[in-house]
Amino acid sequence: MQHNVYLYILVMFGVTYLIRVLPLTLIRKEIKNRTIRSFLYYVPYVTLAVMTFPAIIDATSSPLAGLAALIVGILLAWFGRSLFQVAVLSCVVVYVLELFLV
């Protein structure tokens, strides 16, 4: 069966374009519903999380090291550490664990 790459690209373009344009054309007034506003507020954070979390586990040689770094990063962020400290200490956790696990 012949796969037409240009057709796939055209369909992806159309879907992406409609997702971006339809809300702008259909919704003219300010959204006042608290539920919808709350949903739209959290969409970028959820999207980033969905793309990032699996990569954290798969980016290391050992999934256990990635999981440990994720837990350490979450705890450090929870207790108010800076983004730089969270990133550096998570990298140190991965480095140390991979020295012993691999």
Side-chain angles (χ1 to χ4, degrees):
M1 183 163 101
Q2 177 82 17
H3 295 288
N4 189 349
V5 176
Y6 296 112
L7 179 62
Y8 294 155
I9 292 172
L10 183 65
V11 169
M12 287 186 338
F13 167 77
V15 169
T16 305
Y17 185 75
L18 286 175
I19 288 172
R20 293 174 188 265
V21 169
L22 281 179
L24 293 174
T25 57
L26 296 178
I27 303 172
R28 300 276 182 183
K29 296 186 257 177
E30 180 183 355
I31 299 171
K32 295 183 181 179
N33 186 321
R34 285 182 72 191
T35 305
I36 294 175
R37 286 177 60 94
S38 177
F39 173 78
L40 293 174
Y41 177 80
Y42 287 110
V43 166
Y45 301 110
V46 170
T47 305
L48 181 63
V50 167
M51 293 186 316
T52 304
F53 288 143
I56 292 171
I57 305 298
D58 294 335
T60 60
S61 297
S62 168
L64 186 60
L67 183 63
L70 175 63
I71 292 169
V72 167
I74 289 172
L75 288 174
L76 289 171
W78 184 267
F79 289 113
R81 297 294 183 181
S82 70
L83 180 60
F84 181 74
Q85 290 173 334
V86 170
V88 168
L89 291 172
S90 295
C91 290
V92 168
V93 167
V94 169
Y95 179 75
V96 169
L97 285 178
E98 286 192 351
L99 281 175
F100 297 110
L101 293 176
V102 178

message: Can you confirm whether Leu97 sits close enough to Leu64 that some side-chain heavy atom of one is under 4.5 Å from a side-chain heavy atom of the other?
response: no
field: Leu89 side chain near Val93 side chain, heavy-atom distance below 4.5 Å
entry: no
Establish whether [X] and [Y] are linked, either directly or via other cluster members, by ILVMFWY side-chain heavy-atom contacts under 4.5 Å.
| X | Y | result |
| --- | --- | --- |
| Val15 | Leu7 | yes |
| Leu48 | Tyr41 | no |
| Leu18 | Leu26 | yes |

task: Go through the structure and list residues passing ring-ring contact (aromatic ring centres under 6.0 Å, His included) with Tyr17, not counting sequence neighbours.
output: Phe13
Strictly distance-based, threshold 3.5 Å: is any side-chain N or O of [X] a donor or acceptor partner for the main-chain N or O of [Y]?
| X | Y | result |
| --- | --- | --- |
| Glu98 | Tyr95 | no |
| Arg37 | Ile31 | yes |
| Ser90 | Ala87 | no |
| Ser38 | Arg34 | no |

message: Nearest 0.5 angstrom please: Leu76 CG to Ile71 CD1, how far?
response: 12.0 Å
Those residues that, when tested against Ile56, pass side-chain contact (heavy atoms from CB on, under 4.5 Å) (two or more places apart): Thr52, Phe53, Leu70
- prompt: Can you name the nearest heavy-atom pair linking Met51 to Ala55, along with the distance?
  reply: O-CB, 4.0 Å
